[in-house]
Amino acid sequence: MNVAVSAAWSVVSKALGPVSDGFLEAWAASKDLGPNIDALKMELLYVQGMLNNTRGREIDNPALNELLQKLRQLAYGAEDVLDELDYFRIQDGIYGTYEAADAHAKGCVCNLFLNAHHTAKAVGKLLGCSCAAANPRGPEGPRSDEVRCCAWPCARRSARGDTSFVPNTDQADGEASGCIRKLASGALNTVRTVGKFLPCSSFPPVHDDVSGKLALCGACKRKAPQRKHAKEAPKLDFDRVDLSKRMKHIVDQLQPLCAKVIAILNLELLGSNHSTTPSIAKSPPTTTSDNIESTLYGRDPAKKRIIDCITDDKYSDEYLTVLPIVGPGGIGKTTLIQHIYNSQEVKTHFQVKIWICVSQNFIVNKLIEEIEKAIPSVEGEKKGRAEELIEQRLNSKSLLLILDDIWKCESEDWKRLLVPLTKGQAKGNVILVTTRFPAVAEIVKTTDNSIDLEGLEHGEFRIFFRACIFGDEQSQKDHDGLLKIGDKIAKKLKGSPLAAKTVGRLLRNHLDVHHWTRVLESREWEMQTGERDIMPALKLSYDYLPYHLQQCFSSCALFPEDYKFNSEELINFWIGLDILHPGGRNKIVEDVGLDSLSDLVNSGFFKKDETDGHTCYIIHDLLHDLALKVASHECLSLHHSNARLVEIRPSIRHLSIITDGPDDSNGISDENFKSELRKLKTKLKVENLQTLIIFGGGDKSFVNILGDLFIEANALRVLCLPTLSYPLESLLRNFSSLLHLRYLKLGTTMSQMHLPTTLSRFYHLKILDLQKWGGSFCLPSDMSNLAKVCHFLAQHNELHSGIHNVGKLKLLQELKAFSVNKESKGFELNQLEHLVELREVGIYNLERIHTKEEAVEAKLMHKEYLHKLTLDWDSERPNTEPVTEGVVLESLHPHRNLQELRITGHRGPSCPTWLGDKLAIEALQSLYLLSVSWDIFPSFGKMGNLRELGLSNISTIKEFDLEESFCNPLISFPHLQVLIITDCPKLSELPFSSHIVYPLKQDWNIDWFPKLQELKIQNCPEVLLLPPIPWTQSLCSVKISDVGSKLLVKLVYSKSSSGVELEVNGKDGLHNLDQLLLFSQLTELQELQIKKCPPLELKYFLMLTSLKTLWVLSSNLGVVPSEIQSSVEWHHPVEDIKIWVSDSSGKELTQFLSHLPKLSKLGVFRCENITQFAVGVDLQQTTAPVVSSSTSSDVKMDDTQAKDEQQEIAEVDKEEANTKDDGGLLLLPAHLSNSLQALDIDNGCLVVQSLDALQALTTLHLGNCCFRHPFPSSLLDLQLKSMKGVQTLSNLTSLTRLGIYFCGEDLRCEGLLPLLTQGQLSKLEVRGSPSFFDDMEGFLGAPALCGLLSSSLTSLYFNGNDETARFTKEHEEAFHLLTSLQELWFFNCGKLEHLPAGLNKLTNLKRLYIYYCPALQSLPKEGLPSSLREIYVESCGNAELIDQVPLCLKRKGAEEVPFLHQVDGQSRKVEHEICSLFSANSEEHWICRDFAEKSSFRPVQF
């Protein structure tokens, strides 16, 4: 009940917003509006007061709850009407009109007009006229099917904002006599209409103000006006009479409803049968130390880790260690801790063990008493307080205390609890705490990390889930037909043990397919309400939240599962919903949003994720299901999987639609999904919707369905359409009349799409998010009308720089680009004067400012919230005025709170004094200087808070001045995290190199750049001395190139959550890698790439204990032991080695490999000194007979071919016999025969001996070498390049991928067809090998093969064919066989004029790519298949070809990368199951095996 009261109170408070400051009442003080506004306000205040008296009390009364729901709905209506009035108040202020007044400021003539204007609208409605004026929220002009039926034309504005019938002050003065006649005539006609009810057709003709053409008022139809790009949006019509009636209607309904509610509340409070108690969330069940679960599933590693931590020496020297275990309800925290508590190791180790279930009642005195009672008394103990008894009893005894399920804990209370536990004098005491809340874990923990418990791993969870249902394995076997359904259900439970128990109870009593399927589809476990069911367990945490956090969390149910929120997006969304309220705490609303997000993270509802280097927030697992459940009365999220099953309540006000395909096996097809969307029109009260979010795109029919559905969605506050592929007005036909909008997010990749011209009349808009907008950047010229906009978010500066008269947007916080004097008016620098809320501003073209007075007008000094400032002079300008530019920059003095500063192109003689000697912006954290011509630079070291420093394209800087550069003499640049220096040709030394490499005595104790994370030095030819990398552990990224050092060409160092990588490209002056690297800091290095470097010294190589990958180019691979180490046996755990163009001999590499017991991947490329490759255990078998042709093969040879093969074999035998230099033999050590999994050799004429001994080998890539032996049968991936002879494939029954590249006509493979028809082969790639398919004609000319691939081939590429102009009938028929094809490419087909006919028969085709086909004339006349979702056409030279593509599938421009799609507003790579690639016989597209390539033998993917 308290939730219902809070919800109603929240809506009432929002409804009162427009009348809270008195402006609306003053504006609407007319005899029709004034009394109704007052009455509605009084009624809302009465409701608010009544609810205030009820909040915080729990009353169990379902009938009262329903009445409160009705009260809430009426409050929504009141919010709409008052918000609408406030909109027209703002519009009157913008246009100088008097829509709400009884009397016009200009006198009686305008008074007559005003009242006749409103009367005409009311009369039109009484007569049933369908005039747009009767609907104040209608679009700016009638549709073509509307009929004008009113004596007075709708008050509309033309493109220039002029009106003929709107009572404007200027009009009243300028058209006196004509106006009187028109008004009198109009009023007379109105009176006649009222008195005689004359038909509409008798009205005189009037002129349409928008089109300028004569429009008859009768039953004539008029087309909507056509505009290209109107500079100003027409204004909406105001219907005073309609608004008055709506207010009176709400008041009339509120009064009796309030009377009923207050009567019930009075009865409750007077002590009727229902007791009234303070609202307290239901308590979770009490736990004990007894093992409820006899078997612990999936938690053995965590159990062992915790037991080892608390019983070994790790914490033995500490008096008390607190280790928290954190996870959501039902994740298994208590079960895990029970098994730990009862383990034999723990029983043996701890002398005293105590278990206390804390739950929601963390009362220190009570807990101390419980602890005292749980400890056995000792002989001779003295009586006293509980704390004293605990101290006596624990004297010299080890303690394990379990505090299970702590919900809240204050820091001071926690310290009080620990006092008696730390006086026992024994070490090694441990407290294990379980909690749902990360904030609690942060308070109590004494270790660096807490134990975060996630859901069970899928395999373990499945075992546990089946045990919950069946008990024993035999029962499972008896019902194996149910297991697949059970596995589908298990995937939805996200590894939650409590969920497994809940669903297990539902399933085990009805072991039949029908029941299990119903549970799967209906998600019946979410409706279970038992104390130990999953949803009640999770909802306990939700109920514990304050109401404003409940609102924030539940609103996120509109987003897809596992959606990655960034904080800005989430807070702006909450602002749009108007659920963040500063509450007079001297905080801005954004700070309140950050606090709310932090509270939800600390409460465990959001998880903070930083895996990709960017912070995001995720609602994990079943908590998203909880959000859907608790928000189900007002929020609805529709997608393919739930469209048929979800309950659609009449109270829904927030809707999201996820269109991106079926997300699991229970999803429905696109057509069925569209069918369900059509049904929404009868189920959903669209006119009540306040939020609409659409994730994903759709075709034209999908857009039409939504257009019909949302035609009456006039109450929207939040609108998010991040992936538009059609004009916005086709999706929301009433877009121009969404006068309630607070948050608008639009995105598209369609460069030709324009922003709506009506964008500038959403006067309530607070947030405009165009960060994903890739269309036209043209803005309406009157964007400055959006006076309430706080955030205008955009990636492109053009959107900000196009705002005319931006000075009117006084609440604006972001202005990335302001172009000074871009036009003659509206872009003066003084436009910035009153933008005091700015957090970020970029001022460009400052070369157009010539005086100090102009510069001062920006008033940067007064912008105390400004954190980020860019000052930009055009670097390409032909003329400069150094003195003037110096004065201007000096006058652009920012506020002392500035944190980020960027100055570009300034040609003054020195830095400004406020950045130099008289540093006035001491809070500065980021400074970037680009293309400046200063002779005097700031003392960077004096900027004690500096985090980022960037210098680029500065020809005058020679050195850093470090004198007096830091407050702490032992720390240099204590906070600097990023240092970027590029294109500084005269810079001779980095600010730290000499001090680190050759430190003076006074430098020994100085910590240089202790927090530096990113270092980038490029194109600084005078820099000779470099520091060893990484000299500090904080370094995460280093990029050094094109410097004057004689040691290196390039060095790249990267440390991230995925590992540590290092690339070194040396010069001749590099004699040892320790000249560049600090090996003692590289113990975590996992990947090392070296080019033109000397061999590693053994002592350094052994320091790289984490190294897994070593790639070497143009260097000798191996290690050089010192004299002391030469006889020492050593091993290294490196797993992946690749060698390019090395002078190392086979003998040297053999010796090196013998020390690598874990090697699993080996690659050898273009190493001339290696002539043979063999496996140690097979060395004696190198003369074994080679493979001969098989008569049972699908590839038959004639006698000539057989002779050629025998000749080749003889040549190979001769070559092998002549190879006597053992130094050329790379002998793979025998111990690698069971570990090597991947072998890649491309080494000229190298002879490869038998590989049969490599039992673990699954990947083999051979190129340009001689191999005449059977392939190991264990292979899964085989790729051959430039190979000759006959190769047998029939024994490769496990092969899944086969690649044949540039083998000409010299290679023949036996056993291919059996692999295609009977084996596991799923990917076949052929390039430049005519013995297989010389081109697309060759492939399509084998219809039998096309038939074999008809059910498996999903992707087909045709690449580089310069011969084929059109397909034959046989080719097209072969095409029609490929019914499973989903992706089709035509790339670089120079003469191709027509695509194959009948493509519309490929009913599974979803993507069609056409690139560089200049001769292509048209798409197939019979059309494309309806299944097609995307088509990319680029560089085909035929503009008409683009016009043939439906708008929804158009993609044009190099920026459209084929493998990138926009999904849920985020870019991701689409993984393709490419079954076949058939391309040209040219080798020019073969991927270059340079040093940077990480995957060899792959075809080019464009």
Can you confirm whether more than 12 heavy atoms, excluding those of [X], are under 6.0 Å from its [atom1] atom?
| X | atom1 | value |
| --- | --- | --- |
| Glu410 | CD | no |
| Lys303 | NZ | yes |
| His349 | NE2 | yes |

So does [Y] get a backbone contact from the side chain of [X], meaning a donor-acceptor N/O pair under 3.5 Å?
| X | Y | result |
| --- | --- | --- |
| Asn642 | His639 | yes |
| Asp591 | Lys587 | no |
| Thr434 | Asp405 | yes |
| Asp413 | Cys409 | no |
| Ser603 | Leu600 | no |

Taking the side chain as every heavy atom from C-beta outward, state whether [X] and [Y] have any pair of such atoms under 4.5 Å apart.
| X | Y | answer |
| --- | --- | --- |
| His581 | Asp578 | yes |
| Tyr547 | Leu549 | no |
| Cys552 | Ile579 | yes |
| Phe437 | Asn602 | no |
| Phe606 | Ile619 | yes |
| Asn566 | His614 | no |
| Leu577 | Gln551 | no |
| Ile658 | Leu638 | no |

In Å, rounded to the nearest 0.5 Å, how long is the span from [atom1] of [X] to [atom2] of [Y]?
| X | Y | atom1 | atom2 | result |
| --- | --- | --- | --- | --- |
| Glu345 | Phe350 | CD | CZ | 11.5 Å |
| Leu336 | Ile331 | CG | CD1 | 11.5 Å |
| Ile767 | Lys745 | CD1 | NZ | 11.0 Å |
| Arg305 | Leu323 | CZ | CG | 9.0 Å |
| Lys333 | Arg436 | NZ | CZ | 6.0 Å |
| Gln550 | Ser10 | CD | OG | 11.5 Å |

Could you pull out all residues at least two apart from [X] that satisfy side chain to side chain donor-acceptor pair (under 3.5 Å)?
| X | value |
| --- | --- |
| Ser596 | none |
| Thr691 | His654 |
| Trp574 | Ser555 |
| Ser637 | Ser656 |

Provide the closest heavy-atom pair for [X] versus [Y] in the form atom of the first, atom of the second, distance.
| X | Y | answer |
| --- | --- | --- |
| Pro438 | Gly604 | CD-N, 3.4 Å |
| Leu597 | Ser567 | CD2-CB, 3.8 Å |
| Phe461 | Leu493 | CZ-CB, 3.7 Å |
| Asn429 | Leu421 | ND2-O, 4.4 Å |
| Gly486 | Phe465 | O-CE2, 3.3 Å |
| His339 | Ser294 | CE1-O, 3.7 Å |

field: Evaluation steps, side-chain contact (heavy atoms from CB on, under 4.5 Å), between Ile657 and Ile693
entry: CA-CA 6 Å; Ile657 299 176; Ile693 309 176; over 6 Å; no
- request: Using side chain to side chain contact (heavy atoms under 4.5 Å, CB included) as the criterion, list what pairs up with Glu318, not counting sequence neighbours.
  value: Thr321
- prompt: With sequence neighbours left out, what residues match Lys608 under side chain to side chain contact (heavy atoms under 4.5 Å, CB included)?
  reply: Glu610, Thr615, Tyr617
query: Is the Tyr542 to Tyr544 ring centre distance short of 6.0 Å?
result: no
message: Tell me if the centroids of the rings in Phe559 and Phe573 come within less than 6.0 Å of each other.
response: yes
query: Would you call the rings of Trp414 and Phe362 parallel, tilted or perpendicular, where under 30° means parallel and over 60° means perpendicular?
result: tilted
- prompt: Should the pair Trp355 and Tyr341 be assigned to parallel (<30°), tilted (30 to 60°) or perpendicular (>60°) ring geometry?
  reply: perpendicular
NZ/NE/NH1/NH2 to OD/OE distance under 4.0 Å, Asp487 and Lys491: no
